[in-house]
Amino acid sequence: GGSSESSHRGALWRGGSKGDREEGGGDMERIAEALSRAAAQPEQALSLLQNRKLAIIFGLGMMVLLITANVLLEDEHVPALHLTPPGALCANQEDMFDDVTHLCQLGNTFAYAFLLDHHWVTCAPNMPAAKMLKASQDESGNFWYKSGHREEVRRFYATCVPTCAASSDTWHGSKHMCLVANDIAQVWLSGSGQKCSRGTAGEKAIRSASKHVGDGNFWYRADTASR
């Protein structure tokens, strides 16, 4: 009896029972078979790995996007201008109303140019609205006024007149342009004689504006008068 028990323990120490050895051998065969299939079809195996990698990257990207969106939605301190058409709240329809600060932003072309010290437009410099607007300029170069001052600002706007290149030229508000009245310039621009410098910024400005109007006359924008 002792000899038989000792023999059985020796068999277990050498590799377990026959059934255990057969089960272990079956596992090894299945692993070997899976590796064999992967080796036979490397493209399929690589595709599976790549798809899993893409899925992981996509999942991480969506997580970052959701976190960012949540932060932005919860942040109530992001500065933003909420400009809306002025209606009757501002001096004219060029200006814009900020419904957060309840201020009007100056948008009048002539008044804006005057306040920036451009020389092609003239406005009444000593009106209260002119001084108020000058003092309201922000870091971005915009000018502001309270809605309650819109009448004062409107009267200031009415004093602004563009300055044309010559006293003989005339400003036409319907076209927002100056009409060339100089006889020599008219003759030269029409190609009928006289002598003027070619290729200047002034000539280009006149030809461009005149082509835009298209009525046979010679025009230019007031902001190009100095050219």
Novice: Might you point out which heavy atoms bring Ala165 and Ala225 nearest each other, and give the distance in Å?
Specialist: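 The pair with the smallest heavy-atom distance is CB-O, 3.5 Å.
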Novice: A side-chain contact here means heavy atoms from C-beta on lying under 4.5 Å apart; do Glu94 and Thr109 qualify?
Specialist: yes
Novice: Can you tell me which residue among Asn92, Asn142, Leu133 is in a side chain to side chain contact (heavy atoms under 4.5 Å, CB included) with Leu106?
Specialist: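 Of all the options given, the one that passes is Leu133.
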Novice: Can you check whether Asn217 reaches Leu179 side chain to side chain, under 4.5 Å on heavy atoms?
Specialist: yes
Novice: Examine distances only and state if a side-chain atom of Arg150 and a backbone atom of Ala88 form a donor-acceptor pair shorter than 3.5 Å.
Specialist: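 Side chain of Arg150 to backbone of Ala88, a donor-acceptor pair under 3.5 Å: yes, one is there.
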Novice: For Gly107, does its backbone N or O pair with a side-chain atom of Asp95 as donor and acceptor, under 3.5 Å?
Specialist: yes
Novice: Do Met177 and Val180 share a hydrophobic cluster, counting only Ile, Leu, Val, Met, Phe, Trp and Tyr and linking them when any side-chain heavy atoms are less than 4.5 Å apart?
Specialist: no
Novice: Nearest heavy-atom pair of Cys164 and Thr170: which atoms, and what distance?
Specialist: SG-C, 3.9 Å
Novice: Is it possible for you to say whether Leu116 and Val153 belong to one hydrophobic cluster, with membership spreading through side-chain heavy-atom contacts below 4.5 Å?
Specialist: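 Yes, Leu116 connects to Val153 through the hydrophobic network.
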Novice: With a 4.5 Å cut-off on side-chain heavy-atom distances among I, L, V, M, F, W and Y, is there a chain of contacts connecting Val161 to Tyr157?
Specialist: no
Novice: Check the pair Gln137, Leu115 against side chain to side chain contact (heavy atoms under 4.5 Å, CB included), reporting the backbone distance first and the verdict last.
Specialist: CA-CA 9 Å; Gln137 188 175 16; Leu115 292 170; over 6 Å; no
Novice: For His172, does the NE2 atom have more than 12 heavy-atom neighbours from other residues, nucleotides or ligands under 6.0 Å away?
Specialist: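 Above 12, so yes.
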Novice: To the nearest 0.5 Å, tell me how far Gln105 CD sits from Ser136 OG.
Specialist: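 With rounding to 0.5 Å, CD (Gln105) is 10.0 Å from OG (Ser136).
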Novice: Check for me, please, whether Trp219 and Trp120 land in the same ILVMFWY cluster - side-chain distances under 4.5 Å, paths through other members count.
Specialist: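 Different clusters.
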Novice: Under 3.5 Å, is there a donor-acceptor pair between the side chain of Tyr145 and the main chain of Ala91?
Specialist: yes
Novice: To the nearest 0.5 angstrom, please state how far the NZ atom of Lys211 sits from the CZ atom of Phe218.
Specialist: 14.0 Å
Novice: Honestly, is Arg221 close enough over Trp171, meaning NZ or CZ under 6.0 Å from the six-membered ring centre and within 45° of the axis?
Specialist: no
Novice: Which atom names give the shortest non-hydrogen contact between Ile184 and Cys196, and what distance separates them?
Specialist: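 Where Ile184 meets Cys196 most closely, the heavy atoms are CG2-SG, 4.4 Å.
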Novice: Measuring from atom CG of Asn182 to atom OG of Ser167, what distance do you get when rounded to the nearest 0.5 angstrom?
Specialist: 10.0 Å
Novice: Judged by atom type as modelled, is there a donor-acceptor pair below 3.5 Å linking the side chain of Tyr220 to the main-chain atoms of Arg207?
Specialist: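 No; judged by distance alone, with no hydrogens or angles, the pair does not exist.
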Novice: More than 12 heavy atoms of other residues, nucleotides or ligands under 6.0 Å from NZ of Lys134: is that the case?
Specialist: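 Enclosed: over 12 neighbouring heavy atoms sit under 6.0 Å from NZ of Lys134.
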Novice: Rounded to the nearest 0.5 Å, what separation is found between the CG atom of Asp99 and the CG atom of Leu89?
Specialist: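 Result: 10.0 Å between the selected atoms.
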Novice: Determine whether Glu152 and Arg155 satisfy the following criterion, salt bridge (Lys or Arg N to Asp or Glu O under 4.0 Å), listing intermediate values before the conclusion.
Specialist: CA-CA 5 Å; Glu152 297 174 55; Arg155 287 194 291 272; 5.6 Å; no
Novice: Mark yes or no for whether Asp169, through its side chain, and Ala181, through its backbone, hold a donor-acceptor pair below 3.5 Å.
Specialist: yes
Novice: I want to check something: taking the side chain as every heavy atom from C-beta on, are Phe156 and Pro128 in contact at a cut-off of under 4.5 Å?
Specialist: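 Side-chain contact under 4.5 Å: no.
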Novice: So if you build clusters from Ile, Leu, Val, Met, Phe, Trp, Tyr with side-chain heavy-atom gaps below 4.5 Å, do Met132 and Phe110 land together?
Specialist: yes
Novice: Between the side chain of Thr224 and the main-chain N/O of Ala205, is any donor-acceptor distance below 3.5 Å?
Specialist: no
Novice: Where is the tightest heavy-atom contact between Trp144 and Asp98, given as atom of each residue plus distance?
Specialist: CZ3-CB, 4.1 Å
Novice: Which heavy atom of Cys104 sits nearest a heavy atom of Ser147, and at what distance?
Specialist: SG-CA, 4.2 Å
Novice: How close do Ile206 and Ser210 get, heavy atom to heavy atom, and via which atoms?
Specialist: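 Between these two residues, the closest heavy atoms are O-OG, 2.7 Å.
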Novice: Tell me whether His118 at atom NE2 has more than 12 heavy atoms from other residues, nucleotides or ligands lying less than 6.0 Å away.
Specialist: yes
